[in-house]
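Values reported hereafter were calculated over all heavy atoms of this structure, with side chains retained and with hydrogens, waters and symmetry mates removed.
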Amino acid sequence: MNELGLLENMLVVGALLFGIGLVGLCARRNMIVMFLSAELMLQGVSVSLVGWSRFHNDWGGQMLVIFIIAVAACEAAIALALLVTLFADRGSLDVTLWQSLREDNLPPHVDIEVPEPTDEEPHWPTLTPAGNQPRVDAEKQRHRTHV
Amino acid sequence: MMEFSPQHLLLWSLALPLIGAGLICLLNDGRPQRARTIALVTTLLTLLVAGRVAFMFPANGINLESTGGAFALTDASWLGKISGLDVRFSVGLDGLSVWFYALSALLSFCCVLLSWESIHERPATFYSLLLMLLCGMMGVFAARDILLFYVFFEFTLIPLYFLIGIWGHEDRNYAATKFFLFTLTGSVLTFLGLLTVVLVNFSHTGDLTFSIPKLTAALGPVGGHPMPLHLQLWIFAALTAGFAIKVPLFPLHTWLPLAHTQAPAAGSVLLAGVLLKLGTYGFARFNLPLAPEATAWLLPALLWISVAGIIYGALVALAQTDMKRLIAYSSVSHLGFCMLGLFALTPLAVQGGMLQAVNHGLSTGGLFAIMGMIHDRYHTREISALGGLARRTPWMALFMVFFTFSSIGLPGLNGFAGEFLLLAGMFQRAWMTTGPGGLGLKVIAVLAVSGVVLGAWYMLWLVQRVFFGPLREPHGTGHGHGSHDELGHDLKQPDRPLVRDLSLREIGALVPLAVFIFWIGLCPQFFLSRMAPALQEATQPAAAAWQARQTNEAADRQTALNPRPSVPVVAETSP
Amino acid sequence: MNLLLATIQETWATWTTHWHVWTQHVPMLQSRLTWGAILLALGMWLLLPRGGRRGRAAGALLCVAALGVFASRLPFLGDWSHQGVFWLLAGVTVVAGLGTISMRSPVYCALWFSLALLGTGGLFLFSGASFLGIATVIVYAGAIVVTFLFVLMLAQPEGNAYYDRISWEAMASALSGAVLVFLLSVVLADTFNSPRSTLAAQAPAAPALAKGVLAPEHVATLGGQLFSRYLVSVEVIGVLLLVALVGASAIIMLQGRTDARGRAARGAAEEGSPQ
Amino acid sequence: MSDPLANIRTLLVLVPALPLLAAVVTAVLGPRVLKSRAHWPVVLGLGLSAIVALMLLAEVNRHSRNMAHDSKLAATGHVTLWRWTGIPDVLATPPAAAAAMEKAHTTPPRMLPFDVDVTLRVDPLTALMLSMVTFVSFLVAIYAVGYMHGDRSYWRFFAYVGLFVFSMTMLVLVSNFLLLYVFWEAVGMCSYLLIGFWYQKPEAAAAGKKAFLVNRVGDFGFALGIFLIWITYGTLNFHDTTLSSGGVLPGVLGQIRLGDASLYVPGGLATAICLLLLVGACGKSAQFPLHVWLPDAMEGPTPVSALIHAATMVTAGVYMIVRCTPLFGASPQAQQVVAIIGGLTALLAAIIAVTQTDLKRILAYSTISQLGYMFLGLGTGSMLGISAGMFHLLTHAFFKALLFLGAGSVMHALGGVIDLRQFSGLRRKMPVTCWTFLIGCLALAGVLPFAGFWSKDRILAAVHERAHAVVAGYHSSFPVYEWLYWVAIGTAFLTAFYTFRAFFLAFCGPERVPAAAHPHESPNTMTLPLAILAAFAAGIGLTLEAGSWFDSFLAESPSLAALAAHETGPAGSHLHVAVLSTVVVLIGIGLAAFFYLGERTQIDRLAMWLRPVYEASHRKLWFDEVYDLLIVGPLRILAYLLSLVDRFLIDGLVNLIGRLPVWLGAVLRPTQNGLLQSYALAMAIGVLVLLGTLVLF
């Protein structure tokens, strides 16, 4: 196999993953998605490391990836614990809700337009009415998970 | 009695204030008595030690060849040779610094006496800061290593910042901040320039030395590695940034009136007396020897700036309504004289200029001290609020008139000696310069002399308004008009404490200044002979560079006027 | 048909000539990487959730095109079987990565992410780091992502929160990401293709690899290395994991206690954040 | 005695030392110990000093008789006390110095030092001045014992007077331009202090300041002149000095240079030097256009006016010009300017004096006018004119001091009132004052045998002679000196008129005094000096005129010896000048008697008739107003504007720069918006920029 070519290929893929992860980290507002993006960047780094490890015929790169995985696990543990806490605090995962570290006297960041939900109201399949329509518990319906 | 060597005395004089400051902090009981006594004893001892060193200083540079012109030299490795960074604890005096060094000790002693009763708040802090300031001032003049110099240079800022900021008058915070930022901004650039000098020397000689004499010797015209003109100009500009603000040269002076006005009396005295001299000293110590060609290149501009400062300072002083502000602007004018002397570059002018710097320390120091005494009594600085104080406080009036005469250069007192020498030197420079540049210099010389007239105007106006005329005192402190008996006792309200004339303590603070004012006025030779060799050495390169420029220009003109046949086209001559 | 092709070819040639003339002063514009980066930026910008539904398909197309541009720059791996497998894995990884950042529903994001992990794992396997490939899939996809999904279900009762439908500074983010990719690629291209490069000489020979990282007893060697040469690091990581465990527990346990205080304080402090 | 000059040297030092000692003693002991006896040290010191000065005069006289011509060019004796400065190698040897050094058989060195020695010297000119100064001040001090009696700062007055006499004697003794300048300013300072002696009067304080400042303006020119002298001649010493490198450095007024007039630089440079010196002299001697301070200076105590502002200090300018005669000799143009200034001042001051109503101010303007006469005499540039000027200086010192002291006596009697409109007919109440004042008036007006007649007549004669003489190197199409002669004659008329106007107004006519005053004759301490001065005013002119001692003695002065040697023979008879001036003076006195003796109705009609002239004279030709308008006002306005510029423009710029960081911070502050992602993005962009610069450039 063309080792040099393989290295370059791996590195380009690593770069792409890192870049994409960066975009996600900067642009997405859901904290969990941000976290995933960060992990994506880590993956990019891991790919590069493995590439170099092979090229240099050295275990160091792979070892580092192992440690990255371990650190990612730690991160995940802590971060998720924090996320749960934060969610319990605000009832939302929107990262822009936490902006109290801004400069004094600076107006808070407000989304200029909160777009109305563009997903149409769910069209539940309807049956031909027969008999009395059962009373739908609105509360229950709203809390029904859509996942 | 054990004979101390000058080296030891110099080190002691630097250490004593710090020891005193430490003692004050250790023994602080919150009341002024103990702190001020320690401060007085410390400054007195320092003054004696420093005075002893200064008067051991030999005239005409005798016996100083072995140490490169330095007296009482102590030279020890300081930061070690960390990667060849040869920063040394090198202190010693030479003709440039010796009188400033002594002046610092003298004025500090006066300042302690002056603040004796006017400081009630946090006296221990006040006096320990004062002593630290003293250490910084003496250190900066004694330092012979660039880094050491800079450390002391900046170190003087901090105590004064607190002195103004804590014990100042109504607008003290603004003044302290402005003073600090203004001077710091400049001095950072100065440091950059100094480091450049070190690195340039390093690139030539491979010796990463910070020693001032070594650098001046290596980069001077005789040392073999003079810097090219453009580099000199950059270095000159960088150094000037800090020193010109300290001096302060004309457009950079606005921190000064504010700081003087707001500072407590002791702060004003030291600021005017010593700290402004750091600028003059810095110019003589660094700018002229390190960048002689740049100095020569910029000479007309520098002289114009100086003379603009003289006239401008005097005129603005004339329009002031606040006594301390007036004297602050007079400082701008006087320092313009000093710089004019320094930049005129003739031996006479340079010596006159440096002598004038010392003189200004004495006379303006005295004036600020008196302003402090007036403020202690009347709590005002408004000229219009006061009048005829000579009647109430004849001794104060006597000293005021005396210091005023000294300040306006009355012959027989110190101001005259400096002014006359430097103006004569300036005249010499102007009249020796032929060609188109000469006219400008002549105008400068004449304008500078006219500054003496203006100087007399505003100072005498101040004396007339405040000390002469019918008695006028602000409400609350003084007494109504026309209700005094012959001796000035108040007839209407006998229960009020009468404003007292100078106490013995206050007279004691002023008399040492007066003694030196007389001494310098009557026999300046004593002082000049000690500073002359070092000054000559420092300014000679720049003077020579100016002379060379003159010669070149004259030759160019000659060529332009009489084109020789062998040179068919005379190119436009470029300097 | 040939005529058409010829015409197209000619037109293309004409236009490329023109293009080269126009852009000769800006050599950067002549580089494929530049265009790849531009396409990638545009594509990601369109892909990111931004409220409306416009152009996500176009975004996806642009992104794929950009990836193609980048791929076209890549060197050949030696034989087509290898190359095909690599492209497949790499394509899956990168596309899944794009999916991760562009889905509105965080759950989908997580799923895409796990796909990306699978791809990465595949790449690891492809490069001969078989242990890592397996470990990535097991630990990441198997454990971490699943934990994420749990949390999502805990914290996200409703599928499409408004903040999942908008992005923060989509343009700038996409651009900076693309520029990053571009710069890295430029560096790589320079490094690998410059005549002065000494990398080619350092490339490992197959026999050496066979005794090194591609040794048959891969996991054993790795384990041996791990517990000999990297023992200290392993211990440190072990401690780190323990600390993280304790920390996570502590955070959750303290939450209840600080909750009441936090709410009370927030009522006063938070003045005007959205919602 | 081995050294014939030892005597002279001792006396020389004693003359200034005694007043200084007296001043110090008074200042130290005055306020606590001596109190109302504070005058004793000063009176004693001045008396001794006067005796010493007279002894010195005699000694110098004896000595100079026995000298050969060449040695006359050196000062009779000098003493070097200490070295003020000695800065080696500061001035490239100027050609004028080099030429003179070659003359003295010295190879000119490349560089000259700046040596200033505190050297005292004496010659006939100095000795005359010293005698006059110490003697008049002694009399004035005695007078002041009575006049200042009971003042709360009694001791301070005498300390100042002692200091003044010290400075004045030093001024005429020193042998160096720099030190001349030193004491030039020192007497100015004493004048400032004494004018402002009653500092509680705002007018006095203002007048002191004005005097100092106007003098400073003069000193400004003087200093420039000194600098020019230094640069031209390479030294500031009057006497020849020995260089440390060996050889002689010829002094500006030293033996070598005086021996050869060609060693003085001629042409524009000489004119510039002389004119600048003249500016200094104008300041000190209150000549046009710097005369404005002298009338205001009358706010000081009257003895001070008599001593400083009439007899001694104001003559320093005359002394200086006489001292610098060789310099002026090199520039006929400058001499002509001196004459013009003198003549103009004499006339203008006389015109102003005619309408003043304040007795002291009349005398002040008359002082200015008489000083103008002296300048006129000096401006002729002939030995005759110069000795006439010095002669007038001497006589004027006596009769003007007499007049001032008389005016002081009147003030003393009337409780400080000096306005002629408020009193008249004091003849009976104050007979001594009246008669001595009359003698003074006769002397001032120049009536035959009184002192003023002789000296003024000689000045007129000198001007007349100059107008008709042919002087080498001087050509003028305009008969300047002819005109000046007629100006001087006119001034003589005016002098007689205003002098007797004042006398008639004060002492004749109906007896009328202010309500609160109880006029009485002054005590003996005051009338005794009056009597002595009156004797001198009456007799000294004739005494000195009788022999030609004064001329020949004065001609022994080094500065004048060369000039005197050139003038052939004694001055011719000038009977017609004397007759003319006497006639004019008598007309003046007659007119004064016509207008002011008796009903005094004619004068008002005359004033109405000559309204513009009267106004101009009464308003002192608007000098103060013009100066206020042209110089003081604009400078004040400029100062005010500059202070605004300072506060708002310069400080504003500084503050603007100071605000820049704040504004920059305000601009950048929104980036700290607390949004995690903005930070992340910023970080990413930062990394990209770094990477980009690294990769692309």
Note to self: Is C:L175 in contact with chain A via its backbone, its side chain, both, or neither, using a 4.5 Å heavy-atom distance?
What the structure shows: neither
Margin query: Under 4.5 Å from any heavy atom of chain A, what part of C:F76 do you find: side chain, backbone, both or neither?
Written below: backbone
Next item on the list: Mind ranking C:Q83, C:Q202, C:R229, C:K211 by heavy-atom pairs under 4.5 Å with chain A and telling me who comes out on top?
Entry: C:Q202
Item checked: Part of C:L180 lying under 4.5 Å from any heavy atom of chain A -> side chain
Item checked: Contact class of A:L86 relative to chain C, heavy atoms under 4.5 angstrom -> neither
Item checked: Heavy-atom check, side chain of C:F86 versus side chain of A:M10, under 4.5 Å -> yes
Item checked: Greatest number of heavy atom pairs closer than 4.5 Å to chain A - which of C:G97, C:S127, C:S102 -> C:S127
Note to self: Please classify the contact between C:A208 and chain A as side chain, backbone, both or neither, with a heavy-atom cut-off of under 4.5 Å.
What the structure shows: both
Note to self: Quick check: do C:P75 and A:L4 have side-chain heavy atoms less than 4.5 Å from each other?
What the structure shows: no
Next item on the list: Measure C:F113 against the heavy atoms of chain A and call it side chain, backbone, both or neither at under 4.5 Å.
Entry: side chain
Next item on the list: For each of C:A200, C:S233, C:A135, tally heavy-atom pairs with chain A at distances under 4.5 Å, and name the one with the top tally.
Entry: C:S233
Checklist line | Closest heavy-atom pair and its distance - C:P204, A:E3 | finding: O-CG, 3.7 Å
Check: With only heavy atoms counted, which part of C:M103 is less than 4.5 Å from chain A, the side chain, the backbone, both or neither?
Finding: backbone
Item checked: A:L7 and C:F192, any side-chain heavy atoms less than 4.5 Å apart -> yes
Checklist line | Parallel, tilted or perpendicular: ring planes of C:Y230 versus A:F67, cut at 30 and 60 degrees | finding: perpendicular
Item checked: Per-residue contact mode, C:A206 against chain A (heavy atom under 4.5 angstrom) -> neither
Check: What's the shortest heavy-atom distance between A:A70 and C:I237, and which atoms?
Finding: CB-CG2, 3.2 Å
Margin query: Nearest 0.5 Å, please: how far is CG in A:L16 from CG in C:L67?
Written below: 6.0 Å
Margin query: Under the criterion side chain to side chain contact (heavy atoms under 4.5 Å, CB included), I'd like the reasoning laid out for C:T93 against A:L17: C-alpha separation, chi angles, the key distance, then a yes or no.
Written below: CA-CA 8 Å; C:T93 314; A:L17 281 179; 3.6 Å; yes
Margin query: Quick check on the interface: out of C:L242, C:L184, C:T191, C:L98, who has the most heavy-atom pairs with chain A under 4.5 Å?
Written below: C:L98
Notebook entry, point to check: Hey, are the side chains of C:W112 and A:L36 touching, using non-hydrogen atoms and a 4.5 Å cut-off?
Noted result: no
Next item on the list: Evaluate the side-chain proximity of C:V151 to A:F87: yes if any heavy-atom separation is below 4.5 Å, no if none is.
Entry: no
Next item on the list: Against chain C, label A:E39 side chain, backbone, both or neither, depending on which of its atoms sit under 4.5 Å from a heavy atom there.
Entry: both
Notebook entry, point to check: When rounded to the nearest 0.5 angstrom, what distance separates CG in C:L152 from CD1 in A:I32?
Noted result: 3.5 Å
Check: With a 4.5 angstrom heavy-atom cut-off, which part of C:L222 approaches chain A: side chain, backbone, both or neither?
Finding: both
Item checked: C:L241 to A:A73 - nearest heavy-atom pair and separation -> CD2-CB, 4.3 Å
Next item on the list: Assess whether side chain to side chain contact (heavy atoms under 4.5 Å, CB included) is satisfied between C:Y140 and A:L42, documenting all intermediate values.
Entry: CA-CA 11 Å; C:Y140 254 117; A:L42 279 181; 3.9 Å; yes
Check: Between C:A96, C:G78, C:G177, which residue shows the highest count of heavy-atom pairs closer than 4.5 Å to chain A?
Finding: C:G177
Notebook entry, point to check: Which bit of C:V145 comes within less than 4.5 Å of chain A, counting heavy atoms only: side chain, backbone, both or neither?
Noted result: neither
Checklist line | Under 4.5 Å from a heavy atom of chain A, the part of C:T147 involved | finding: both
Check: Side chain, backbone, both or neither: which part of A:L40 has an atom under 4.5 Å from a heavy atom of chain C?
Finding: both
Item checked: Pair C:W168-A:V95, side chain to side chain contact (heavy atoms under 4.5 Å, CB included): steps then yes or no -> CA-CA 10 Å; C:W168 198 86; A:V95 72; over 6 Å; no
Margin query: For A:V50, which atoms come within 4.5 Å of any heavy atom of chain C: side chain, backbone, both, or neither?
Written below: side chain
Check: Which value, rounded to the nearest 0.5 Å, describes the distance between C:R73 atom CZ and A:N9 atom CG?
Finding: 11.0 Å
Next item on the list: Grab the two heavy atoms, one from A:E8 and one from C:L74, that are nearest each other, plus how far apart they are.
Entry: O-CD2, 4.3 Å
Next item on the list: Mind checking the OG1-CD spacing from C:T221 to A:Q62? Nearest 0.5 Å is all I need.
Entry: 10.0 Å
Next item on the list: Look at C:V236, C:T120, C:L40, C:L117 and state which one has the largest set of heavy-atom pairs under 4.5 Å with chain A.
Entry: C:T120
Check: What part of C:V139 is in contact with chain A, defined as an atom under 4.5 angstrom from a non-hydrogen atom: side chain, backbone, both or neither?
Finding: side chain
Next item on the list: For chain C, find which of A:V71, A:V12, A:L25 contributes the most heavy-atom pairs closer than 4.5 angstrom.
Entry: A:V12
Checklist line | Segment of A:V33 engaging chain C (4.5 angstrom heavy-atom cut-off) | finding: side chain
Next item on the list: Check whether any side-chain heavy atom of C:C109 lies under 4.5 Å from a side-chain heavy atom of A:R28, and answer yes or no.
Entry: yes
Checklist line | Shortest non-hydrogen contact between A:C26 and C:S173, atoms and distance | finding: CB-OG, 3.5 Å
Checklist line | Check against side chain to side chain contact (heavy atoms under 4.5 Å, CB included), A:S46 and C:F124 | finding: CA-CA 9 Å; A:S46 301; C:F124 288 173; 3.7 Å; yes
